[in-house]
Amino acid sequence: MSWVFKTLNSTLGKKLLMALTGLFLILFLVVHLAGNLQLLIPDGGKSFNIYAETMASNPLIRIVGIVNFGFIALHAIYSAILTRYNKKSRPVGYAVTKSSANSTWSSRNMGILGSLILIFILIHLRGFWYEFKFGEMPYVTYDGVTYKDGFAIVSAAFGNIIYVIFYVFSMAVLAFHLSHGFSSAFQTLGVNHKKYTPFIQKLGIGFAIIVPALFALIPIVMFLQSN
Amino acid sequence: MNLTLKVWRQRNPSEKGGFKTYKISGISADMSFLEMLDVLNEDLSDKGEDPVHFDHDCREGICGMCSLYINGQPHGPHQTTTCQLHMRSFKDGDTITIEPWRANAFPIVKDLVVDRSSFDRIIQSGGYVSVNTGGVPDANEIPIPKVIADESFDAATCIGCGACVAACKNASAMLFVSAKISQLALLPQGKVEKRERAEKMVAQMDKEGFGACTNTGACSAECPKEIKLSNIARMNREYFSASLSTENV
Ligand code: HEM
Ligand code: SF4
Ligand code: FES
């Protein structure tokens, strides 16, 4: 098995782990967004609460949830390892650099962007995930069945302008992270082809704009509704 | 043209080094950047000072010896070698900052001269065909599709200058190594050993202390030979498939 570790420990292998965990997180974002958008259905939170309960009680979804936590951790840990390693590869820097001439800002600042996303994820987990699971939750009853009223928690949080601004800012950070990360992951996996790469790059930019924008739309709409 | 030069001066590998400012006048716009430095060095020699050491050899853009990080870009503002950069790319009165390539794996020898033998050791680790494959075969004796031949030839134009490493925020050598891996992996003579070659060259690259790849694309944008990023993707494919299929446990 030592060859597995040798490969994953090489500079290429570490990036392979970044790319695979990153792509998984991208898939997760889509599923998460589909759930969140139900917050906007004008039924007082019924669809959202039923959806949340269904997800939380499905064993398969719970396993995927645990894998997801593991992958966020792995992505963040390898991001730290790589960023440090890359810094060490140039111990003395240049006095003058004109990197804007050869690369995008996002691609050069993935570590900073990622760290901001990590802070967002931690606050987000404390505010929602932890509350839903372990907090004192209000309950609602639909058609004789009792559900946790997650919708109430979310609308309370999104009534706070500071939280809304923080959320929208974090989605902008995610957009920049993805504007490089999406297509970069394919390059890392060795997918670079005249036919597909231009498409992947366009898809990546589209994804980086649309998905964070829809995520950010939810707190904005809910804030406006709450006032 | 009159110019102000801020040049990195460092007497030996262990000395700390620092910038020195020189005023230089009477520079023609038709001079190459290296000829401008020759003028500076004649001035310095006349004054009994140590001339600025910098690498160069062919002065026609084919050997890869000339280096220099000029005003924040390897080989200066154009995608060419420093010997092919001309003073018409600068304006009278400009200040030009000249630094050596900065990378852990390219230690400074003196002033602007760096030791790029880490590239040689990567080639020595597997960047060759082990057996003598004979002379040039007759045309069409070994059929190779034109696109493949072109792809290999494009990769083979890499002159090993190290601008990719100098440009990369991680001082990564991926573009160089991937060009060398690609050039051989695409043709029948090199294909036979491509898996072992990818494993060995990547291992040596890591051992030399070059950084990992963030896919910023700075390397390819600054490469005087326009080596493409698709070579890096090919190297990743070759390396991962080699890792899964060779018998090196
Ligand atoms: C939903 C959250 C996230 C998604 C969807 C995501 C996605 C991605 C993707 C697809 C890549 C490209 C991988 C490659 O170049 O092969 C990437 C790179 C990166 N990510 Fe994330 N990421 C997320 C969160 C984070 C977090 C929390 C951190 C750090 C704490 C982080 C740090 C990085 C860094 C530093 C890179 C660049 C690594 C390199 O190439 O050197 N990301 N991310
Ligand atoms: S890939 Fe380009 S920049 Fe890098 S060594 Fe080869 S010719 Fe120079
Ligand atoms: S001196 Fe040979 S390429 Fe510039």
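We name chains A, B, ... by the order of the sequence lines, and we start the count at 1 in each one.
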So, does A:Thr11 use its side chain to make a donor-acceptor pair with the main chain of B:Ala212 at under 3.5 Å?
no
Between A:Gly181, A:Pro91, A:Gly13, which has the largest tally of heavy atom pairs under 4.5 Å with chain B?
A:Pro91
To the nearest 0.5 Å, tell me how far B:Cys213 SG sits from A:Lys14 NZ.
14.0 Å
Value rounded to 0.5 Å, distance of CH2 in A:Trp3 from CD in B:Glu199:
9.5 Å
Count the heavy atoms belonging to other residues, nucleotides or ligands that lie under 6.0 Å from NZ of B:Lys110, then report whether that count exceeds 12.
yes
Those residues of residues 108-132 of chain A, ordered by number, that approach chain B below 4.5 Å (heavy atom to heavy atom):
A:Arg108, A:Met110
Please flag which part of B:Asp206 lies under 4.5 Å from any non-hydrogen atom of chain A: side chain, backbone, both or neither.
both
On a heavy-atom basis, which atom in A:Val96 and which in B:Asn71 lie closest, and how many Å separate them?
CG1-C, 3.8 Å
So what's closer than 4.5 Å to chain B heavy atoms on A:Ser183: side chain, backbone, both or neither?
neither
Highest number of heavy-atom pairs under 4.5 Å with chain A among B:Met205, B:Lys169, B:Met235, B:Gln79 belongs to B:Lys169
Return yes if a side-chain donor-acceptor contact under 3.5 Å exists between A:Thr7 and B:Ser243, otherwise no.
yes
Determine yes or no for a side-chain-to-main-chain donor-acceptor pair under 3.5 angstrom, with A:Tyr94 supplying the side chain and B:Arg102 the backbone.
yes
Under 4.5 Å from any heavy atom of chain A, what part of B:Phe240 do you find: side chain, backbone, both or neither?
side chain
Any residue of residues 97-106 of chain A which, by heavy atoms, sits under 4.5 Å from chain B:
A:Thr97, A:Lys98, A:Ala101, A:Asn102, A:Ser103
Which atoms of B:Pro100 approach chain A - backbone, side chain, both or neither, heavy atom under 4.5 Å:
backbone
Which region of B:Cys219, side chain (C-beta onward) or backbone (N, CA, C, O), has a non-hydrogen atom less than 4.5 Å from a non-hydrogen atom of chain A, or is it both or neither?
neither
Neighbour count >12 (heavy atoms, 6.0 Å) for atom CZ, A:Phe158
yes
Per-residue contact mode, B:Leu244 against chain A (heavy atom under 4.5 angstrom):
both
Rounded to the nearest 0.5 angstrom, the CG-OG1 distance for A:Asn86 and B:Thr214 is 5.0 Å
For residues 55-84 of chain A, give me every residue with a non-hydrogen atom less than 4.5 Å from any non-hydrogen atom of chain B.
A:Leu82
Cut-off 4.5 Å, heavy atoms of chain A, and the answer for B:Ala166 is both
Stepwise side chain to side chain contact (heavy atoms under 4.5 Å, CB included) test for B:Arg234 and A:Asn192
CA-CA 8 Å; B:Arg234 180 181 297 107; A:Asn192 187 319; over 6 Å; no
Derivation and outcome, side chain to side chain contact (heavy atoms under 4.5 Å, CB included), residues A:Leu12 and B:Val202:
CA-CA 8 Å; A:Leu12 269 53; B:Val202 169; 4.1 Å; yes
Strictly less than 4.5 Å between heavy atoms, which residues of residues 225-232 of chain B line up against chain A? Please order them by number.
B:Leu229, B:Ser230, B:Ile232
Part of A:Lys87 lying under 4.5 Å from any heavy atom of chain B:
neither
For the pair A:Arg90 (side chain) and B:Ser172 (backbone), establish whether a donor and an acceptor sit closer than 3.5 Å, ignoring hydrogens and angles.
no
Side chains of A:Ser107 and B:Asn215: is there a donor and an acceptor less than 3.5 Å apart?
no
B:Phe19 versus chain A, the contacting section by heavy-atom distance below 4.5 Å
side chain
Identify which of B:Trp8, B:Tyr69, B:Phe106 forms the greatest number of heavy-atom pairs closer than 4.5 Å to chain A.
B:Tyr69
